[in-house]
Amino acid sequence: MQVKEELEYLAKVKNMLAGKAQKYMILTMGCQLNENDSEKLCGMMEEMGYTKTENLEDANLVVFNTCCVRENAEDRLFGKLGEVKKQKEQNGTIIAIGGCMMQEPHIVEKLKKSYPFVDVIFGTHTLHHFPKDLYESIQKNGKIQDLLDIDGEIIEGLPIVRDHSIKASVTIMNGCNNFCTYCIVPYVRGRERSRKPEDILAEVKELAEKGYKEITLLGQNVNSYLRVERKQGLVSEEQEIHSFATLLRAINKIEGIERIRFVSPHPKDFTDDVIEAIRDCEKVCKLIHLPLQSGSSKVLKEMNRQYTKEQFLNLVKKMEEKIPNLTLSTDIIVGFPNETEEDFEDTLDVVRKVKFEQVYMFIYSRRVGTPADKMEGQIPEEIKHQRFDRLKKLVEEQIEEKNQKYVGTIQNVLIEGESKTNPEYLTGRTDSNKVVICPKQEGRIGKVIPLKIVSEHMWYLKGE
Ligand code: 5AD
Ligand code: SF4
């Protein structure tokens with residue numbers, strides 16, 4: 001859906017602020033989808049005449065784009081709000097909060113009760129109302145709450161200011177229908193809905209023309225792209241793009257793009273056509289993120305993941321057989337309700353067997369409104385932390401071992417820019433997403449360069 005009327009407020013706010021130098025600060029929590037939403041918020045704010053600042057004292061407008069997947073993001077928001085309150089009292093800073101956490105009624109209640117100085121509250125389905133909400137809040141000098149409890153539509157045509165100039169994220173679908181029992185996402189992001197293939201292709205082509213080299217396709221469950229639309233009869237298999245596999249093949253043909261990544265797929269939907277598309281498309285990176293969550297079939301069942309330990313291992317085996325140079329990364333949750341020592345050993349067992357390139361590890365966090373929050377047998381914090389530390393130790397040992405194997409090899413590295421910590425160096429990434437730094441040379445940024453790996457340093461490699 002195009003949103004002409006809402007976007008008219010971009011100019012209305014700009015006119016209202018005319019002549020006054022206005023600055024905004026944005027704080028983004030959570031996943032890459034949220035980061036992509038923030039790029040759109042930045043796009044809207046800059047069209048309204050705001051310029052970006054990293055300095056709270058200079059900001060006339062502070063926007064929080066929140067996450068609620070785990071508890072620590074909540075603690076962070078409420079901590080930061082304390083700081084911002086002082087700014088508001090001194091300078092009249094406008095405070096707006098959006099994102100996933102605002103879709104949770106108990107959080108909005110808490111905000112209204114304990115943080116009444118917040119000016120604008122908007123949700124995941126009302127991102128495109130932000131200019132209008134801001135306009136009304138400034139004009140009426142009042143509080144605006146703009147939340148919808150429905151499955152938002154796909155919004156096209158929002159302005160965007162991107163964080164990088166070499167790599168870009170492109171959201172291909174929104175929402176989730178899987179209802180893993182620990183996860184709040186289906187409640188705050190609504191049901192699955194996919195962007196139209198032509199809109200995605202147009203965005204990627206535009207990025208290619210602007211010189212972007214790497215595209216990351218985003219969605220809560222990318223490999224069910226167009227699944228709902230196929231079931232509804234809105235898309236048929238006769239169309240060139242009717243699935244995630246066919247989308248990958250089409251994007252692979254776009255000239256100028258050198259690398260394609262995607263997050264996150266669901267193991268249960270990892271069909272053969274997707275595996276074959278990854279194999280056949282030379283631009284699709286062979287590092288695949290495959291969230292395991294737990295290695296215990298019993299825990300996986302309670303999580304409603306719809307695969308067993310054996311099915312996950314078989315899928316990995318099949319992928320390894322079919323895709324040369326495959327590497328894998330994963331997400332793991334420790335301390336899910338009723339996870340026994342034996343269950344946890346199953347998780348360690350899968351990690352030992354698969355030897356992931358990267359493991360994102362999480363301590364189970366109770367989320368209000370999810371089935372797992374109501375389960376008996378919640379695991380004491382101390383045990384959760386002990387298990388987390390044991391998993392971390394294993395993962396770090398494996399990464400060190402893997403890093404050793406890179407030393408002496410030649411890796412194709414997409415150079416992303418200057419190293420932030422050392423201006424004498426450039427930084428980039430391998431196909432397997434490992435950070436590589438190398439001595440600075442002119443004309444290398446945005447190019448894929450073969451580098452010889454000379455040393456490894458846990459979180460990065462050094463190349464020449
Ligand atoms: N507690 C801990 N980790 C969680 N994740 C999702 N929900 C929770 C939760 N309640 C993790 C999963 C998911 C990643 C994005 O966050 O591993 O893949
Ligand atoms: Fe959450 Fe599961 Fe959906 Fe991922 S697939 S967003 S973990 S419910």
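All of these numbers come straight from a predicted model, not from anything done at the bench. Indexing begins at 1, ligand by ligand and atom by atom, following the structure's order.
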> Within the structure, does Tyr364 bring an N/O atom to less than 3.5 angstrom of an N/O atom in ligand 1?
Replying inline: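 For ligand 1, there is no N or O atom that lies under 3.5 Å from one belonging to Tyr364.
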> Would you say Arg367 and ligand 1 have an N/O pair spaced under 3.5 Å apart?
Replying inline: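 Among all N and O atoms of Arg367, none is under 3.5 Å from an N or O of ligand 1.
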>> Check the orientation of Tyr307 and Phe312. Use parallel for under 30°, tilted for 30 to 60°, and perpendicular for over 60°.
In response: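 Rings of Tyr307 and Phe312: tilted, 30 to 60°.
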> Do the ring planes of His289 and Tyr360 sit parallel (below 30°), tilted (30 to 60°) or perpendicular (above 60°)?
Replying inline: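 Geometry flag for Tyr360 against His289: perpendicular rings.
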>> Test your reading of the model: is there a side-chain donor-acceptor pair from Thr370 to the backbone of Cys183, 3.5 Å cut-off?
In response: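 Absent.
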> Under the 3.5 angstrom rule, does the side chain of Asp146 hit a backbone N or O of Phe122 as a donor-acceptor pair?
Replying inline: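 No, Asp146 side chain to Phe122 backbone: no donor-acceptor pair under 3.5 Å.
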> Would you find more than 12 non-hydrogen atoms of other residues, nucleotides or ligands less than 6.0 Å from Lys143 atom NZ?
Replying inline: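 Enclosed.
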> Is Lys110 close enough and on-axis enough to Phe78, meaning under 6.0 Å and within 45°, for cation-pi?
Replying inline: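 Yes, Lys110 sits over the ring of Phe78.
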> Does the cation-pi check pass for Arg390 over Phe344, that is, NZ or CZ under 6.0 Å from the six-membered ring centre and within 45° of its axis?
Replying inline: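 No - Arg390 does not lie over the ring of Phe344 by the 6.0 Å and 45° rule.
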>> Using a strict cut-off of 2.8 Å, how many protein N/O/S atoms surround atom 3 (Fe) of ligand 2?
In response: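 Those protein atoms number 1 in total.
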>> Tell me every residue that passes side chain to side chain donor-acceptor pair (under 3.5 Å) with Glu396, counting only those two or more places apart in sequence or in another chain.
In response: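 Counting only residues at least two positions away or on another chain, Glu396 forms no side chain to side chain donor-acceptor pair (under 3.5 Å).
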> Which bit of Thr370 gets closer than 4.0 Å to ligand 1, counting heavy atoms only: side chain, backbone, both or neither?
Replying inline: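 Neither; no heavy atom under 4.0 Å.
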> Using heavy atoms and a threshold below 4.0 Å, how should the contact between Phe362 and ligand 1 be classified: side chain, backbone, both, or neither?
Replying inline: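 For Phe362, only side-chain atoms sit under 4.0 Å from ligand 1.
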>> Can you confirm if the aromatic rings of Tyr187 and Phe179 lie within a centre distance of less than 6.0 Å?
In response: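 Yes, close enough.
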> Measuring from the heavy atoms of Ile184, does anything fall under 4.0 Å of ligand 1?
Replying inline: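 It does not, in that no heavy atom of Ile184 comes within the 4.0 Å cut-off of ligand 1.
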Residue [X] vicinity, atoms of ligand 1 by number, heavy atom under 4.0 Å:
X      : value
Gln293 : 12 (C), 13 (C), 17 (O), 18 (O)
Ile363 : 1 (N), 2 (C)
Val69  : 5 (N), 6 (C), 7 (N), 8 (C), 9 (C), 10 (N), 16 (O)

>> Before you tell me yes or no, could you show the steps for Glu83 and Lys80 under salt bridge (charged side-chain N to carboxylate O under 4.0 Å, His left out), namely the whole-Å CA-CA distance, both residues' side-chain angles and the distance that decides it to 0.1 Å?
In response: CA-CA 5 Å; Glu83 266 176 62; Lys80 272 273 167 207; 3.6 Å; yes
>> How far is atom 7 (S) of ligand 2 from the closest protein heavy atom, and which atom is that?
In response: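 Residue, atom and distance for the closest contact: Tyr182 OH, 3.3 Å.
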